[in-house]
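What follows is one structure encoded as structure tokens, with my remarks underneath.
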Amino acid sequence: MSQTADITIIGAGVIGLAIASELSKRGGDIFVIEKNETYGQEQSSRNSEVIHAGIYYDKDSLKTRLCLEGNRLLYELCKETGIAYHECGKIIVATNDLEDEELEKLYNKSVENGASVTMLTREEISELEPNLRGTSAFFSATTGIIDSHALLRYLHGQAVTGGVQMVFKTEVTGIEKVSDGYNIRVREPSGESEFKSRLVINCAGLYSDRIAGMTGIDIDEADYRIKWCKGEFYSVSGGKNKMVNRLIYPVPMTISIGVHVCLDVDWRMRLGPLFYYVDEHDYSIDDSKRADFTESSMMEALPCLEPGDLEPESSCVMAMLQGKGEPFRDFVIKHENDRGLPGFINLVGIETPGLTSSLAIGKYVSRMVDEILQV
């Protein structure tokens with residue numbers, strides 16, 4: 001690694017790679033610094049692999065705008081490159097009167113956002129999903145599934161081909177503003193070192209608030225403090241994957257969009273994620289929470305599922321900006337020039353629908369870089 005860079009991206013998740021791939025088209029010395037052994041080891045490879053449709057978020061939010069654009073861009077990329085995907089759609093289903101009311105609100109929000117959704121009659125529910133039981137439901141046509149690992153490989157390959165230098169097993173330990181950019185201190189396997197970068201883009205995911213704090217930003221005053229939210233998945237056995245034809249979601253009533261039917265591109269079936277906040281994280285599974293799965297509305301909506309079909313499978317940790325009981329928080333994608341940090345771009349709280357939005361975020365940040373460099 002040389003001692004100077006034009007642009008340094010901190011974090012090699014799907015967002016960092018999407019930005020690197022996009023910026024590689026402009027040339028220059030671009031570094032991606034990643035503390036793990038390779039790319040995509042945290043949120044990017046531990047998720048439901050769903051291509052979202054822009055249903056859940058406020059109309060004018062970055063989450064909605066970038067999700068809708070990212071949805072289109074992902075499908076286009078998959079068709080062009082052969083990345084595996086299924087544009088299978090999903091059904092959001094209510095199972096009682098209270099959920100019926102919330103489902104109607106969510107449907108109206110979806111229409112306002114511009115998502116492609118259709119309200120279903122009970123007869124249509126049965127026609128689409130004979131094993132599904134519900135009091136009301138609507139269908140999202142553009143929701144799908146993507147091979148997230150193939151997407152990560154593609155973006156990594158595009159960035160490297162474009163001249164981006166990937167620096168793995170290297171942790172950023174300090175960032176200092178200087179007259180012509182930033183001095184960045186890192187810890188490598190061989191020891192400590194330092195280099196200078198004209199621009200810095202913080203895509204550190206679970207640790208993005210810590211990176212922001214290294215610049216002198218008060219992360220509590222800025223409202224950038226990340227809350228870790230752990231999600232657990234259970235696999236579904238017994239050939240039950242053959243009993244559904246698309247993704248099935250509940251009406252969101254808690255901190256997340258709810259325990260739902262997750263299918264991958266090989267049609268493997270899971271239930272999850274069940275989310276809860278944690279102070280420390282690992283990727284173990286707390287099987288004492290099994291009852292939360294067996295008593296979830298998905299088990300009521302799909303009576304073909306039985307508790308004995310479920311086995312602990314995997315977990316994830318999300319970088320949430322909103323804490324327990326707090327209202328919706330949008331993505332933070334911000335050039336920190338007004339904080340005396342020209343050329344420093346923060347991406348904080350990039351959780352769902354981050355995977356769906358990744359290509360759109362890459363283009364969005366590239367335009368920010370153009371404005372900073374006045375290209």
Side-chain angles (χ1 to χ4, degrees), residues 47-57 63-64 67-68 70-72 74-75 78 84-95 99-100 102-148 231 233-234 236 240-254 256-275 293 296-305 316 351-357:
N47 55 69
S48 58
E49 298 189 301
V50 171
I51 302 175
H52 288 286
I55 289 172
Y56 299 99
Y57 320 106
K63 284 187 174 181
T64 295
C67 181
L68 289 169
N71 176 289
R72 174 181 59 80
L74 275 185
Y75 283 127
C78 289
Y85 76 102
H86 295 304
E87 193 171 356
C88 56
K90 79 175 177 184
I91 294 176
I92 301 177
V93 60
T95 59
E99 290 181 0
D100 286 338
E102 294 302 316
L103 182 100
E104 184 175 0
K105 295 176 186 176
L106 185 61
Y107 174 78
N108 291 334
K109 174 180 276 192
S110 304
V111 172
E112 184 179 358
N113 286 353
S116 178
V117 293
T118 307
M119 207 72 186
L120 301 174
T121 65
R122 292 197 181 190
E123 291 74 18
E124 289 169 331
I125 295 172
S126 296
E127 288 174 7
L128 290 172
E129 292 290 347
N131 291 297
L132 182 62
R133 301 291 178 268
T135 52
S136 61
F138 68 84
F139 177 61
S140 167
T142 61
T143 303
I145 310 159
I146 188 170
D147 182 344
S148 61
F233 295 88
Y234 276 57
V236 180
K240 298 297 176 72
N241 61 308
K242 298 181 176 64
M243 303 184 78
V244 295
N245 302 305
R246 51 192 54 79
L247 299 163
I248 310 293
Y249 276 61
V251 178
M253 305 292 284
T254 59
S256 73
I257 52 183
V259 171
H260 52 271
V261 171
C262 306
L263 300 165
D264 65 14
V265 291
D266 296 319
W267 228 246
R268 186 174 60 93
M269 183 175 175
R270 298 177 292 166
L271 282 190
L274 174 70
F275 277 115
F293 283 87
S296 70
S297 61
M298 275 297 90
M299 300 294 282
E300 184 176 351
L302 289 168
C304 59
L305 298 182
C316 62
E351 35 101 6
T352 304
L355 178 67
T356 304
S357 306

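Everything numeric here is computed off the predicted structure, so don't read it as measured data. Just so it is clear, the values below take in all heavy atoms, side chains as well, and ignore hydrogens, waters and symmetry mates.
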Interatomic spacing from [atom1] in [X] to [atom2] in [Y] - rounded to 0.5 Å:
| X | Y | atom1 | atom2 | result |
| --- | --- | --- | --- | --- |
| E127 | T121 | CD | OG1 | 7.0 Å |
| L263 | R270 | CG | CZ | 9.5 Å |
| Y107 | F138 | OH | CZ | 8.5 Å |
| S116 | I55 | OG | CD1 | 9.5 Å |
| I91 | L120 | CD1 | CG | 5.5 Å |
| I248 | S297 | CD1 | OG | 11.5 Å |

Flag side-chain contact, heavy atom, 4.5 Å: [X] against [Y]:
| X | Y | value |
| --- | --- | --- |
| N245 | P130 | yes |
| E129 | V261 | no |
| W267 | I145 | yes |
| T95 | R133 | no |
| S148 | L355 | yes |
| M119 | L103 | yes |
| V117 | V111 | yes |
| L132 | V244 | no |

Determine the minimum heavy-atom distance between [X] and [Y], stating which atoms define it.
| X | Y | value |
| --- | --- | --- |
| P250 | I92 | O-CG2, 3.5 Å |
| R122 | T135 | NE-O, 3.5 Å |
| C88 | L247 | SG-CG, 4.1 Å |
| T143 | S140 | OG1-OG, 2.6 Å |
| T64 | G54 | CG2-O, 4.4 Å |
| A53 | N71 | CA-ND2, 4.0 Å |

Sub-3.5 Å donor-acceptor pair from the side chain of [X] to the main-chain atoms of [Y], do we have one?
| X | Y | result |
| --- | --- | --- |
| H86 | G144 | no |
| Y75 | T142 | yes |
| R246 | F139 | no |
| N113 | Y57 | yes |
| N131 | C304 | no |
| H260 | L271 | no |

Quick one: do N47 and E49 satisfy side chain to side chain contact (heavy atoms under 4.5 Å, CB included)? Show the steps, please.
CA-CA 6 Å; N47 55 69; E49 298 189 301; 3.5 Å; yes
Whether over 12 other heavy atoms sit under 6.0 Å from E104 CD:
no
Here's a test for you: under side chain to side chain contact (heavy atoms under 4.5 Å, CB included), which of N241, L302, L305 qualifies with V236?
L305
Fit a plane to each ring of Y249 and H52, take the angle between them on a 0 to 90° scale, and name the class: parallel (under 30°), tilted (30 to 60°) or perpendicular (over 60°).
perpendicular
Under 4.0 Å between a side-chain nitrogen and a carboxylate oxygen: does that hold for K63 and E351?
yes
So, are E112 and K109 salt-bridged, with charged N and O less than 4.0 Å apart?
no
